[in-house]
Q: 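Please see the structure below; I have some questions.
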There are 2 protein chains.
Amino acid sequence: MTGQVRTVDGRVAGRRGQATRQKLLDCLSEMLSSSPYRDVKVIDVARKAGTSPATFYQYFPDVEGAVLEIAEQMATEGAGLTELLDGRSWVGKAGWQTAQELVDGFLEFWRKNDAILRVVDLGAAEGDKRFYKLRMKILNSVNNSLSDAVAELQSKGKVDKDVNPAAVAGSLVAMLAAVASHQKGFQTWGVKQAELKPNLALLVHLGVTGRKPTK
Amino acid sequence: MTGQVRTVDGRVAGRRGQATRQKLLDCLSEMLSSSPYRDVKVIDVARKAGTSPATFYQYFPDVEGAVLEIAEQMATEGAGLTELLDGRSWVGKAGWQTAQELVDGFLEFWRKNDAILRVVDLGAAEGDKRFYKLRMKILNSVNNSLSDAVAELQSKGKVDKDVNPAAVAGSLVAMLAAVASHQKGFQTWGVKQAELKPNLALLVHLGVTGRKPTK
DNA sequence: CGGTAAGCTGACGGCATGACAGGACAAGTG
DNA sequence: CACTTGTCCTGTCATGCCGTCAGCTTACCG
């Protein structure tokens, strides 16, 4: 799938090269967690990695390029979110559990990768197609599964005909992502995390099935 | 409310000064719409405004400071979103209309100010309290109204006791904001704006009242 | 051991930042 | 009209980051 890792000037990266490359990515990642995206400088990343700015430019065209790389790694990892939904039922008590586990897994994933996801979100919102595709890739698994679930319930007549499965699924996923991004915000608002989750799960369940869960 | 407009070095700005100041803000605003936040430079804003970088620094400590100013202006303007909900009913057909109008007005507001709202969202997500407060200020009107609506329905026994009004309201508002930020995204997904709105309204209605709307 | 390619960096021109001092300008005063 | 006062803007400068290149060091291989 992925060809050889290459430097900007076309050389193939060997063992050592890949190590420095990865170290730069790690340091950048850390940097993004601790300071605003706008203030992350190449020279700081390089210093943190114990190398020089020139080395950075050997592996990445610019900061954005490196961020895309990190996000790509995370995206493949995030494909595992499908497991939260594959083959799950949306009926009865099982449906309520599905909703809860989805919310749980999603928030956890977002919390782990919040720094990089913020940047991806920004890039996508700014209209950058690369970031937009990446965001799709991350959310697609969940989105498609949700969309399928709605469509299936719809075909059984359990959901109104005029509901658009893709629109509902996309909106719910956007909600999960947004809430995850501003988890701290809710806390200051007087809503604790433990309270937030069941209410989110309720909204997801309502959105997918159109009815309240049986707990 | 607001004291006199002051320059960084403490002078009070007069007629002419306020004009250039505003012009700088306008140009910055425009700039944010056309290029990534990370790439907006003081020198470009100054050039666009037909002045020099030094002038910019006379009125604002940095780009972030100016952004906060713009966002503040928008926030007071955005308080008008309350009208979308004040005194509206959530029962029967009126409830469905309330949901629709809320979605409509919200998306429109977001579309108008998307560039600056992106930056506010980023700042808030990064943990900057100033941006966070600003985001609250913008969303508070809608959020409180929604929260009140849920609480009222709850007191009448129409909504389950274990629902947390603030959590539900906050999540719904976050959903609206997120979907608005990525409106273009949905389009590429094969969901058209016209289809998106009613489905969003459905989700809002479901979330607030716990039941499907009567159309 | 010598050749070859990978890996890294010092150094440099270019540009943005942010501060200051001083000049231009408008308005009021005698 | 000259003079004063305070606002408004810019030229200039030290500083620091960007992004590139030539060239040095290191590792691998026959």
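Every value quoted in this text rests on a predicted model; they were computed, and no experiment measured them. Sequence lines set the chain letters: A, B, ... in the order given, protein chains first and strands last, and positions in each chain run from 1.
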Q: Okay, side chain of A:Ser35, backbone of A:Asp39: is any donor-acceptor separation there less than 3.5 Å?
A: no

Q: A:Asp39 CG to D:dG16 C1': how many Å, rounded?
A: 14 Å

Q: Please tabulate the protein-to-nucleotide N/O contacts below 3.5 Å involving nucleotides 11-16 of chain C, giving atom names and distances.
A:
none

Q: Does B:Ser52 or A:Asp62 map to a spot on DNA chain D nearer the 5' end, using the closest nucleotide for each?
A: B:Ser52

Q: Nearest-Å distance, CZ (A:Phe60) to P (D:dC18)?
A: 15 Å

Q: With respect to the phosphate group of C:dT9, does any side-chain polar atom (N or O) of A:Thr55 fall under 4.0 Å of OP1 or OP2?
A: yes

Q: Under 4.5 Å between any side-chain heavy atoms of A:Met31 and A:Lys41, yes or no?
A: no

Q: With a 4.0 Å limit, can you tell me whether B:Thr51 has a side-chain N or O closer than that to the phosphate oxygens OP1/OP2 of D:dT10?
A: yes

Q: Let me know the distance between CZ of B:Arg38 and P of C:dT17, rounded to the nearest Å.
A: 13 Å

Q: B:Gln73 and B:Glu77: side-chain donor and acceptor closer than 3.5 Å?
A: no

Q: So A:Thr20, base contact, sugar-phosphate only, or nothing? Heavy-atom distance under 4.0 Å.
A: sugar-phosphate

Q: Take A:Leu196 and B:Ser171, measure what side-chain contact (heavy atoms from CB on, under 4.5 Å) needs, and give me the verdict at the end.
A: CA-CA 9 Å; A:Leu196 187 56; B:Ser171 301; 4.0 Å; yes

Q: Stepwise, does the side-chain contact (heavy atoms from CB on, under 4.5 Å) test hold for B:Met74 with B:Leu117?
A: CA-CA 9 Å; B:Met74 189 200 55; B:Leu117 283 165; 3.6 Å; yes

Q: Please work out if A:Phe56 contacts a base, only the sugar-phosphate, or nothing of the nucleic acid, heavy-atom cut-off 4.0 Å.
A: nothing

Q: Do B:Leu102 and B:Arg88 come within less than 4.5 Å of each other through their side chains, counting heavy atoms only?
A: no

Q: Specify whether A:Trp90 and A:His205 have parallel, tilted or perpendicular ring planes, treating 30° as the upper limit for parallel and 60° as the lower limit for perpendicular.
A: tilted

Q: Shortest non-hydrogen contact from B:Leu176 to B:Leu107?
A: O-CD2, 4.2 Å

Q: Which protein N or O atoms sit under 3.5 Å from an N or O of nucleotides 23-30 of chain D?
A:
none

Q: Tell me the interatomic distance from A:Asp9, atom CG, to C:dA5, atom P, rounded to whole angstroms.
A: 13 Å

Q: Can you measure A:Arg6 atom CZ to C:dG7 atom C1' for me and round it to whole angstrom units?
A: 16 Å

Q: Students often mix this up, so state it plainly: with edges at 30° and 60°, are the rings of A:Phe106 and A:Trp110 parallel, tilted or perpendicular?
A: parallel

